[in-house]
Amino acid sequence: MNQLAEIISYSPSTGEEVGRYPNASEATIHELVARASAASHHWRALGFKGRKIILKSWAHYLAEHIDELAALVSAETGKPSSDAALEIAVGIDHLSWAAKHAGRYLRNSYRTPGVLMANMSTHVEYSPLGVVGVIGPWNYPVFTPMGSIAYALAAGNAVIFKPSEYTPGVGHWLGESFNLVAPQANIFFVATGGPDTGSALTKSAVNKIAFTGSSATGKKIAAACAENLTPVLMECGGTDPAIIDRDCDLNRAAEAVLWGAMANAGQTCVGIERVYVHEEIATRFTETISEMASELVVGHDYGAMTMPKQLPIIDAHIKDAVRLGANFVVGSAESVQPPFVLPTIMVDVPEESLAVAEETFGPTLTIRSVASMGEAIHLANASKYGLAASVWSKRNGKAIASELQCGMVSVNSVLAFTATPTMPFGGVKQSGYGRIHGPEGLREFAYTRSIVATRFNTPLNFATFKRSVGVDNFIKRLIKLLNR
Ligand code: NAD
């Protein structure tokens with residue numbers, strides 16, 4: 001079947017067309033990778049200081065045009081433009097941080113050679129990989145891919161970004177804005193298109209793929225990358241829990257958990273989907289959060305669902321919970337009202353139900369009362385996902401956090417790690433592997449090169465067929481001495 005020449009993005013709120021963009025073919029992808037690969041040497045040669053100047057001017061441009069970009073994000077995703085502006089602001093902060101700190105975290109690291117190799121000098125270099133392919137989702141079309149794009153560029157790589165087919169306009173805008181500030185050509189390409197375009201990127205000669213999207217697509221991409229042993233960074237889905245202890249600030253917990261669950265219509269990879277609350281405060285917590293949820297105004301506090309095909313999935317999760325005995329404290333079995341989903345909070349939802357076990361990606365929440373924090377930790381960890389969590393406790397927050405099998409935890413807050421550029425971002429289990437953001441995020445887009453150089457020659461030459469028995473005996477005596 002021939003690939004369509006164009007993809008069209010529509011407003012989820014009105015159904016109107018927002019824009020048309022090329023559906024980049026396999027041949028186009030190969031051509032872009034070749035051009036980026038050739039240009040990457042110049043970008044690398046600029047060094048940290050040279051790249052910092054350009055990336056900072058891009059950050060400046062984005063900040064100056066935040067309203068324009070927010071309007072486009074809002075048009076393509078359906079989210080309120082204030083939420084779009086918040087997402088862009090955090091994305092710019094990451095870009096700025098990566099530009100400023102790449103030199104510090106990717107500079108040569110000098111090591112001690114050890115007693116056996118005392119005549120050597122030893123250091124590790126963090127070399128750019130070359131060309132990084134970034135495949136992004138639609139839910140945070142600026143913030144999320146920026147976690148890979150900014151850090152990969154700052155580390156000295158050229159980047160080819162394949163935005164989601166639901167937000168091609170945002171991707172295109174980012175590419176154009178970079179070209180306005182960067183005097184170098186071919187360093188940052190945006191290849192709009194659908195899954196086939198993404199698939200072509202995974203099979204191309206890129207040196208790494210940074211993928212953000214669903215775990216199901218992540219598995220296909222990991223398999224495709226395995227063909228060429230192309231390294232891949234996986235930022236996938238989750239069913240993030242909030243754990244609420246009896247000594248928490250209950251009002252603050254309810255307010256933040258509600259926002260963590262329902263902001264962006266629940267279309268947040270690190271959004272909260274399940275609550276485990278201590279039985280001593282469970283009734284009060286459920287009443288408080290339900291009261292707050294009933295005040296939400298759909299269409300104002302959050303918008304239409306971006307992807308129409310997510311609506312039947314949310315509906316199926318709600319109906320499955322009802323079949324298994326769930327009760328509604330907010331919303332109903334008819335909460336899905338295209339293009340919106342009404343706030344929905346359920347109790348008595350079994351752990352094996354779709355709503356608890358799978359990513360719902362809608363403004364829904366399940367609440368379960370637990371006898372102890374041990375039980376809450378056990379249930380939180382029982383998931384096949386392990387992206388992030390939120391813990392609410394005045395005394396034990398950090399201790400509970402350390403027991404959780406996930407990549408990020410906010411204590412007495414929600415989603416706090418997203419806006420903290422120094423902190424690595426990523427998950428475990430089926431939520432993925434590798435890290436964006438922070439020093440780890442910079443190193444994700446570099447490879448280590450160990451350089452061991454002779455400082456002076458010694459009579460103890462190991463690397464020769466003429467090695468004497470005396471040298472062998474000396475090594476044995478030395479290693480015994482060192483390991484007494
Ligand atoms: P998706 O998996 O449907 O698509 C993501 C991207 O992959 C899109 O650009 C798509 O075109 C591309 N793609 C699809 N099939 C492909 C293939 N075979 N080869 C290459 N590329 C392919 O995800 P989505 O619906 O856009 O995003 C929502 C998902 O993303 C949710 O599961 C959410 O949890 C996850 N997400 C994770 C993070 C994180 O950082 N962990 C952040 C945001 C979103």
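Count residues from 1 along the sequence. We count ligands from 1, going down the list as the structure has it; atoms in each ligand are counted the same way.
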For this session: Take Phe361 and Ile313 through the side-chain contact (heavy atoms from CB on, under 4.5 Å) test and state the conclusion after the steps.
Result: CA-CA 9 Å; Phe361 227 51; Ile313 296 173; over 6 Å; no

Check: [X]/[Y] side-chain N/O donor and acceptor closer than 3.5 Å:
X	Y	value
Thr344	Ser335	yes
Tyr126	Thr448	no
Gln267	Trp138	no

Within the heavy-atom cut-off of under 4.0 Å, ligand 1 is lined by Ile135, Gly136, Pro137, Trp138, Asn139, Thr144, Lys162, Pro163, Ser164, Glu165, Gly194, Pro195, Gly198, Ser199, Phe211, Thr212, Gly213, Ser214, Thr217, Ile221, Glu235, Cys236, Gly237, Cys269, Met307, Glu359, Phe361, Leu387, Phe425

Rounding to 0.5 Å, atoms CD (Glu359) and SG (Cys236) come to a distance of 9.5 Å

| Would you call Lys384 and Glu358 a salt bridge, using N to O less than 4.0 angstrom? | yes

